[in-house]
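Data first, discussion second: the structure below is written as structure tokens.
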Amino acid sequence: MDSMQRIRTAAETVEKAIGKAEIAVILGSGLGDFGNDLTDAKEISYADIPGFPLSTVQGHAGKLIAGTLNGKRVMMMSGRFHSYEGHSMEDVTLPIRVMALLGVKKLIVTNAAGGVNTAFSAGCLMMITDFINLAGKNPLVGENLSFFGPRFPDMSRAYTPELQSLARESAKNLGIRLEEGVYCWMSGPCYETPAEIRMVRILGADAVGMSTVPETIVAAHSGIQVLGVSCITNMAAGVLDQPINHEEVMEMGRRVRNDFAALLTDVIGKM
Ligand code: HPA
């Protein structure tokens, strides 16, 4: 099956099961249960969507949910695909193209990330203003799917300034600390070395993580507006004199969950 046919088949199945939406959210580690905040929700498991890969990471359930949140129809991806799991770039970004076919115009991408900027602290939220791609991969490599966008798409506004303004406003109104900065995509799955973190700091990164950039690139290619928010679950390697532990990363994600959910709920209401 060619790429376009694969996307269309998946999109038809999703539409039949849960319908369409103009706003979508990708739930990163810790936010996995945010889908429970939707009312009138319908869901479909990735296993029931033809062509969808299966998520293998703990804390990433693997379903699409659509419903209403703060007066808006929203589709949520609970569980995302990472390239470190062995998924191809095409697989990692398939859901974004399915969303594009289903009429999604605004996408909120969330993740857990390590804090590179020493002014940050574990547990804060960071709105992504730009990205650096150090993973050595790009989801647009290969035949251009011109149905979605151009061969050489502009990335100078990959994270939409208007959506950033809304998020700033929401954070201010809710009294939630919202830092801002550049997210650097590293391939993982090992956490970075202290030397790598010193390097990315010199390069201009404020946070590092193992996701989000492929989805952002494909969304931007399709003309979808993107808002990115990272939960700084830990300070990146070498910033503090302590090792990074996946369990602690997940635990911090859970602790920040309510603020994160409140912020997104408010922003969605404004979209
Ligand atoms: N590095 C990369 N990815 C991450 C980190 C980190 O320190 N914390 C959470 N996701």
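Start at 1 and go down the list; that is how both ligands and their atoms are numbered. Sequence positions, counted from 1, serve as the residue numbers for this chain.
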Salt-bridge contact [X]-[Y] (side-chain N to carboxylate O under 4.0 Å):
{"X": "D259", "Y": "R177", "answer": "no"}
{"X": "R6", "Y": "D91", "answer": "yes"}
{"X": "E22", "Y": "K72", "answer": "no"}
{"X": "R201", "Y": "E196", "answer": "no"}

Looking only at protein heavy atoms, identify the closest one to [atom] and say how far it is in Å.
{"atom": "atom 5 (C) of ligand 1", "result": "G114 N, 3.4 Å"}
{"atom": "atom 10 (N) of ligand 1", "result": "A112 O, 3.2 Å"}
{"atom": "atom 3 (N) of ligand 1", "result": "G209 CA, 3.4 Å"}

> Is A237 touching ligand 1 with its side chain, its backbone, both, or neither, if touching means heavy atoms under 4.0 Å apart?
Replying inline: neither
> Short N/O distance, under 3.5 Å, between I244 and ligand 1?
Replying inline: no
>> Check contact between E192 and ligand 1, using heavy atoms of the residue and a distance below 4.0 angstrom.
In response: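 Distance cut 4.0 Å: E192 passes for ligand 1.
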Taking only heavy atoms of [X], which atoms of ligand 1 are found under 4.0 Å from at least one of them?
{"X": "T233", "answer": "8 (N), 9 (C)"}
{"X": "V249", "answer": "9 (C)"}
{"X": "N234", "answer": "5 (C), 6 (C), 7 (O), 8 (N), 9 (C)"}

> Under the salt bridge (Lys or Arg N to Asp or Glu O under 4.0 Å) criterion, do K172 and E169 qualify, and how do the steps go?
Replying inline: CA-CA 5 Å; K172 194 166 165 226; E169 213 178 286; over 6 Å; no
Counting only pairs under 3.5 Å, give me each side-chain donor-acceptor contact of residues 142-151, with atom names and distances, residues two or more places apart or in other chains.
from, atom 1, to, atom 2, distance (Å)
N144, OD1, H221, NE2, 3.0
N144, ND2, G149, O, 2.9
R151, NH1, G142, O, 2.8
R151, NH2, L140, O, 2.7
R151, NH2, G142, O, 2.8

> Do L38 and T68 touch side chain to side chain, with heavy atoms closer than 4.5 Å?
Replying inline: no
